Amino acid sequence: MTRTAALILALLAAAPAFADTQTDTAAVQNTQNADSEALHNELRALRDTMQQALNQRDLDTLLAHVADDVVFTTMNGDRVHGKDGIRAYYDKMLGGANPVVQSIEAEFKVEQLSHLYHGNTAVAFGSSSDRYRLTGGETWTVEPKWSATLVRQDGRWLIADFHYSVNMFDNPVLAAQRKLLLGGGAAAALAAAAAGFLLGRRGRTKAV
């Protein structure tokens, strides 16, 4: 047998094993893709749940889907820690006898698929279309940006960090101030500014 013939026979003998390796690799890749899609579907479901809970002012559902040590940075520059911090902030802005905000209509949009790390951490980001009706009767529409870090614990995703921000150069508060200033209401504009950025503050509380 010539050397060429021997090489051909060796290649033919190895072909089934090579095909099996390709099949195994493809199966692993398909499994990984399916696992990744399942995680993304869970994240989509959480986004929808949180959006509905926020719009319906369902604090219990909101708190059920955040980590115990969650960090939340709000549009008006407050930063709250933990579930108790979120509850206190919620009571100040939406609950209590004299809430700052009467109602919220928010629609969260994602810019791209969440970044997944080791199947138990995700970073999501996007924007939202928000409509706020304030206690004084004013209605503000804003398009803030948001980002969130989520961790997967006991088979479910929890929000560990959420950051909300709005364009500091173009927002309803600045628009109202410009209108008042152009109309000669400088004092009123300054008073509006003192009310706080975007949603207003009735005094910054100490960090929880």
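Model, not experiment: these values are computed from the prediction.
- Note that NZ of K145 and CE of M75 are 13.0 Å apart. Values are rounded to the nearest 0.5 Å.
- Across all non-hydrogen atoms, the minimal contact from A67 to L158 is N-CB, 4.0 Å.
- Here the CD atom belonging to E42 is positioned 11.5 Å from the OG1 atom belonging to T49, to the nearest 0.5 angstrom.
- No side-chain N or O of T141 forms a donor-acceptor pair with one of R131 less than 3.5 Å apart.
- Here the side chains of L62 and K83 are not in contact, with every heavy-atom distance at 4.5 Å or above.
- No side-chain heavy atom of L94 sits under 4.5 Å from any side-chain heavy atom of L59.
- Here the straight-line distance linking atom CD of Q56 with atom OG of S103 works out to 13.0 Å at 0.5 Å rounding.
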For T135 and V101, run side-chain contact (heavy atoms from CB on, under 4.5 Å): C-alpha distance rounded to whole Å, both residues' side-chain angles, the deciding distance at 0.1 Å, then the answer.
CA-CA 6 Å; T135 299; V101 180; over 6 Å; no
Test side-chain contact (heavy atoms from CB on, under 4.5 Å) on V100 and Y132 and set out the steps.
CA-CA 10 Å; V100 176; Y132 297 85; over 6 Å; no
Please test R156 against H65 for side-chain contact (heavy atoms from CB on, under 4.5 Å), starting from the C-alpha separation and ending with a verdict.
CA-CA 9 Å; R156 57 193 295 263; H65 292 88; 3.7 Å; yes
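- Checked by atom type and distance alone, the side chain of N55 pairs as donor or acceptor with a backbone atom of A106 at under 3.5 Å.
- Contact between Q102 and P99 at its shortest, heavy atoms only, is NE2-CG, 4.4 Å.
- If you chain together hydrophobic residues whose side chains sit under 4.5 Å apart, V66 and I104 fall into the same group.
- A 4.5 Å side-chain heavy-atom check between M50 and F162 finds every atom pair outside the cut-off.
- L39 places a side-chain heavy atom less than 4.5 Å from the side chain of W157.
- Considering CG of D78 and CE of M93, their distance stands at 7.5 Å, rounded to 0.5 Å.
- V80 and V71 are members of different hydrophobic clusters when ILVMFWY side chains are connected at heavy-atom separations under 4.5 Å.
- Using a 4.5 Å cut-off on side-chain heavy atoms (C-beta onward), L46 and I159 make contact.
- One hydrophobic cluster holds both Y89 and L134 under the rule that ILVMFWY side chains link at heavy-atom gaps under 4.5 Å.
- Ring geometry, F72 versus Y164: the interplanar angle falls from 30° to 60°, so the pair is classed tilted.
- Looking only at side-chain heavy atoms (C-beta outward), T149 and Y117 stay at 4.5 Å or farther from each other.
- Contact check for H40 versus L116: side-chain heavy atoms found under the 4.5 Å cut-off.
- Atom-to-atom distance recorded for L63:CG and D68:CG is 10.0 Å, nearest 0.5 angstrom.
- Between F125 and H163, the gap from one ring centroid to the other reaches at least 6.0 Å.
- Remark: the S129 side chain and the E143 side chain contain an N/O donor-acceptor pair separated by less than 3.5 Å.
- A distance of 7.0 Å separates CG in D91 from CZ in R87, rounded to the nearest 0.5 Å.
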Any chance you could lay out the side-chain contact (heavy atoms from CB on, under 4.5 Å) test for L54 and F108, step after step, and finish with the verdict?
CA-CA 11 Å; L54 178 62; F108 291 105; 4.1 Å; yes
